[in-house]
Amino acid sequence: MGPRLVVDAALELSVVGSFAAPGYAIRRRLFDWEDPGRDALRGRTVAITGPTSGLGRAAARSLAAAGARVLLVGRSEERLRAVHDELAAVQGDDRFPVLVADMASLESVAAAVRSIREQEPRLDVLVDNAGVMPADRLQSPDGIELALATMVVGPFALLAGLLPLLRGNGGGRVISVTSGGMYTQAVDFDDLQWTSRPFSGPRAYAMAKRIQVALMREWARRLAGSGVTCNAMHPGWADTPGLAESLPGFYRLMRPLLRTPAQGADTITWLATAPEAGRSSGRLFLDRRPRPFDRVPATRLSAADRERLWEIVVALADVPDPAPD
Ligand SMILES: NC(=O)c1ccc[n+]([C@@H]2O[C@H](COP(=O)([O-])OP(=O)(O)OC[C@H]3O[C@@H](n4cnc5c(N)ncnc54)[C@H](OP(=O)(O)O)[C@@H]3O)[C@@H](O)[C@H]2O)c1
């Protein structure tokens, strides 16, 4: 291992040093990162969920700056319009269609799929970014616990529906935005929806994120050789409205050390643009490098567990199996 990789690995072990702003700044210098050129995604189409705030908004900006047509998929027309108007003004053209969709509603996701398939001749990148940490146990319109519905079931149905478009160009990229919080949380197969124990927002969130990563690995395995790659990334800790609202104590304590949204979102754009990222599938990234799936052995999921989760989520999403084994 070269000296730069040694520094990177030591940072990763420190957790706080890695996840907070110093981790980003050190790695950026260490590896001489460059931003994608203005034409890196020219002629390509990217769909991103949750572009109205925090990391999603930062990613939408940099994907737009890389030349992509960016489909802005979110639940508030007003907030989407504001992002659209900002991107169109900064980029000087209008390649940012707005699509209202609630990721927690399967009917809404199905409508979004229909609309994208009707209107878009191609889709090159799908960024699954929308996320929520509910304070209480809430249910989606489909009766699914809200964290699971928003970050697992809805995104699964969205990807299932858009797969034909992603396959169409022979090289689609799927990017799941997860959280380092998932390292601490095991998946309780007997209570995936928090019906038989006291609800904890942070734990429900972390479990949904762990399931999201497990499914991304399963997508990657099932789509191997198809040209479609599926990777997850976690952003470290970034100063966003979502973090401030969902973990106020942590936010106050860590604020001076948090990454900017653009720093947290950097690896999203890198995964969408870098040629080497296009050769990777089924991995979890932080700061442009693959990272371990597990840090706590008790939270590890086996290949059989991942297949089991796939079957469960296919049933919850109420779609035909999009990639049968
Ligand atoms: N910030 C961090 O340090 C951090 C760390 C680890 C992981 N993450 C992950 O990064 C992603 C972005 O988080 P953030 O920190 O940028 O949070 P944020 O500021 O709260 O942004 C969340 C985005 O998700 C959208 N969203 C939430 N529920 C939705 C739904 N049902 N349907 C459609 N869109 C929905 C929100 O839309 P509205 O504008 O309509 O609310 C917003 O655009 C999330 O997946 C989060 O879990 C963040």
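Just so it is clear, the values below take in all heavy atoms, side chains as well, and ignore hydrogens, waters and symmetry mates. We count residues from 1, following the sequence as given. All ligand and atom numbering here is 1-based and tracks the order in the structure.
For the 3.5 Å distance criterion, the side chains of Gln119 and Arg117 fail to qualify, holding no donor opposite an acceptor. Between Arg61 and Gln91, the side chains place no donor N or O within less than 3.5 Å of an acceptor N or O (distance only, hydrogens not considered).
Comparing Gly264, Ser179, Gly236 against atom 5 (C) of ligand 1, the shortest heavy-atom distance belongs to Gly236. The residue from Phe19, Tyr205, Trp237, Phe250 that puts a heavy atom closest to atom 46 (C) of ligand 1 is Tyr205. Closest heavy-atom approach to atom 12 (C) of ligand 1 among the candidates Asn129, Ile268, Val100, Thr178: Asn129.
Between Val132 and ligand 1, no pair of N/O atoms sits closer than 3.5 Å.
Residue-ligand proximity: Arg79 is placed with a non-hydrogen atom under 4.0 Å from ligand 1.
Heavy atoms of Ala101 found under 4.0 angstrom from ligand 1 belong exclusively to the backbone. Contacts with ligand 1 closer than 4.0 Å are made by side-chain heavy atoms of Lys209 only, the backbone lying farther away. With a 4.0 Å cut-off on non-hydrogen atoms, Asp102 touches ligand 1 through its backbone as well as its side chain.
Shown here is Arg29, whose CZ atom has no more than 12 heavy atoms of other residues, nucleotides or ligands within 6.0 Å.
Side chain of Arg173 to main chain of Val125: no donor-acceptor pair is present (N/O by atom type, distance under 3.5 Å, no hydrogens or angles). Side-chain N or O atoms of Tyr183 include one that pairs as donor or acceptor with a backbone N or O of Pro292 at under 3.5 Å.
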